[in-house]
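Worksheet: the structure to be examined is printed underneath.
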Amino acid sequence: MGAGAAGLWAAECAARAQRAAGREPDVLLLEKMPRAGTKVLASGGTRCNLTTTLGAEGAARLFGPAGERFLRRAFRELPPASVRERFAAWGVPTVEAGWEKVFPASGRARDVRDALQRACADAGVRLRVGAGVAAIERAGGEWCVRLASGEAVRAKNLLLAPGGKSYSRTGTTGDGYTWLAELGLELVPPVAALVPLASSEPWVHALSGVSVQDAEVRLRGPRGEDLGRRRRPVLFTHEGLSGPGPMDLSAEIARGELAGETTRFELRIDLLPEVPREDLVALFREAAGRGGAPRISSLVPAPLPKRLLTEVNRIAGLFPDPRTNELTRATRHALIETLKGLPVPISGTLGFDRAEVTSGGLALSELDPGTLRVKNCDGLFAFGEVIDLDGPIGGLNFQSAFATAELAAQSAATP
């Protein structure tokens, strides 16, 4: 159920496995939206970052210790390189981009969605769109899927891939959580992840459109603790911060929103991650002793946008572009600390409607990581965004969706 990236992949894989076993494919794929793959079409700015250049182990590691352990088997069965090979076989060659990203060579997400749908049709999958699901239940040794229309569909095996709650306009409105809760299964409260952040600071809004391509972002929690860091691009917006760096850390802030602690979070942005503090001290000291001491803007050892550097100086207690010989020991220290850790207060996230994925969902403890079967629920498989797995930006979440779908489909298709 669910004809998104995970559901389409699983349906094709299951039908293909049935045919390889000498059986006539018997796979019905239900989708509540008028078309399949709506979220695929919207992903990656309609370019669809469909996997990563990383190997299986490196990719799994980015899901955290629990996610890495859970995904070990799935990523071994379908590593990122195999995803690229599969799409190439379907007529969608891929290209590599910065930050370990992989896109269709055409740059069109539609080609990815169309290839998945075409592969399903070629494998013998029956697709029904506009088929919203009201409930699922176990009845007489089978699974009964009750549609919103009142129709009941029965199946021995039910593969559940309804997605999470991110980008709700594409149909992912959290329906699956209700069905799983009604079965008595444990859920980790879902929150928005890979979502832009809000800041109430006017100076942040004034920098809208300014980006830093090489920055290290650190998230500090309510007690000043370090909750994570990512070296990825940062974009200032009229609402706060966006870009891979801040968005990769957004799930922690979203969980803080649930706990009422959001206003006590802060991002620290190292604007010069390649330059150690002691090198900056030596640089500014040496420059201050030169004749006609240079201005800070000409000395910073990496190109920073002028508007951003002006704010850095202001926050450090300096006027817009001082000369190095005008710095006292205290102001030089303040400037270096600001360059190496620009503090940005965070007031929350922009919510599920702007989130790329959902963090939380069906607890991993409820699943067999070797098959994606739901424990104590014979014939029920869950995978993709509905389960408690989320990785950073860079094709990792598509990779997780495809790999868990592959494993679930293979398991369900095995008599």
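For the numbers below, each heavy atom of this structure counts, side chains included, while hydrogens, waters and symmetry mates do not. Keep in mind the model is a prediction, meaning the values are calculated, not measured. Position 1 is the first residue of the sequence, and the numbers go up from there.
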Stepwise salt bridge (Lys or Arg N to Asp or Glu O under 4.0 Å) check, R354 with E239: CA-CA 12 Å; R354 299 280 293 277; E239 296 165 302; 3.3 Å; yes
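- Contact of the L28 side chain with the V153 side chain is registered, since non-hydrogen atoms from C-beta on lie closer than 4.5 Å.
- Side-chain contact check for T371 and D368: at least one donor-acceptor pair (N or O, by modelled atom type) lies under 3.5 Å.
- The distance from atom CG of N313 to atom CG of L339, rounded to the nearest 0.5 Å, is 8.0 Å.
- Taking the six-membered ring where the residue is Trp, the centroids of W179 and W143 are separated by 6.0 Å or more.
- Between the side chains of D390 and T358, no donor-acceptor pair is found at a separation under 3.5 Å.
- Taking the six-membered ring for Trp and the full ring otherwise, the centers of F402 and F87 sit less than 6.0 Å from each other.
- Between the side chains of K32 and T173, at least one donor-acceptor pair of N or O atoms lies under 3.5 Å.
- When the options D248, L396, L249 are evaluated for a side chain to side chain contact (heavy atoms under 4.5 Å, CB included) with L194, the one that passes is D248.
- At least one side-chain heavy atom of Q399 sits under 4.5 Å from a side-chain heavy atom of F75.
- Side-chain atoms of E257 and T349 include a donor-acceptor pair closer than 3.5 Å.
- Between L187 and A181 the shortest heavy-atom distance is CD1-CB, 4.0 Å.
- R314 and E311 are joined by a salt bridge, as a carboxylate oxygen and a charged side-chain nitrogen come within less than 4.0 angstrom of each other.
- One side chain, S359 or R255, offers a donor N or O that lies under 3.5 Å from an acceptor on the other.
- Using a cut-off of 4.0 Å between Lys/Arg side-chain N and Asp/Glu carboxylate O, E356 and K39 are scored as not salt-bridged.
- Remark: K306 NZ is loosely packed, at most 12 non-hydrogen atoms of other residues, nucleotides or ligands lying under 6.0 Å away.
- We find that E252 and R220 are not joined by a salt bridge, their nearest charged nitrogen and carboxylate oxygen being 4.0 Å or further apart.
- Heavy-atom neighbours of D226 CG from other residues, nucleotides or ligands within 6.0 Å: above the threshold of 12.
- Figure legend: cation-pi geometry between R332 and F284 absent, as NZ or CZ is not positioned both under 6.0 Å from the six-membered ring centre and within 45° of its axis.
- Taking a 6.0 Å sphere around CD of E57, one finds it holds 12 or fewer heavy atoms contributed by other residues, nucleotides or ligands.
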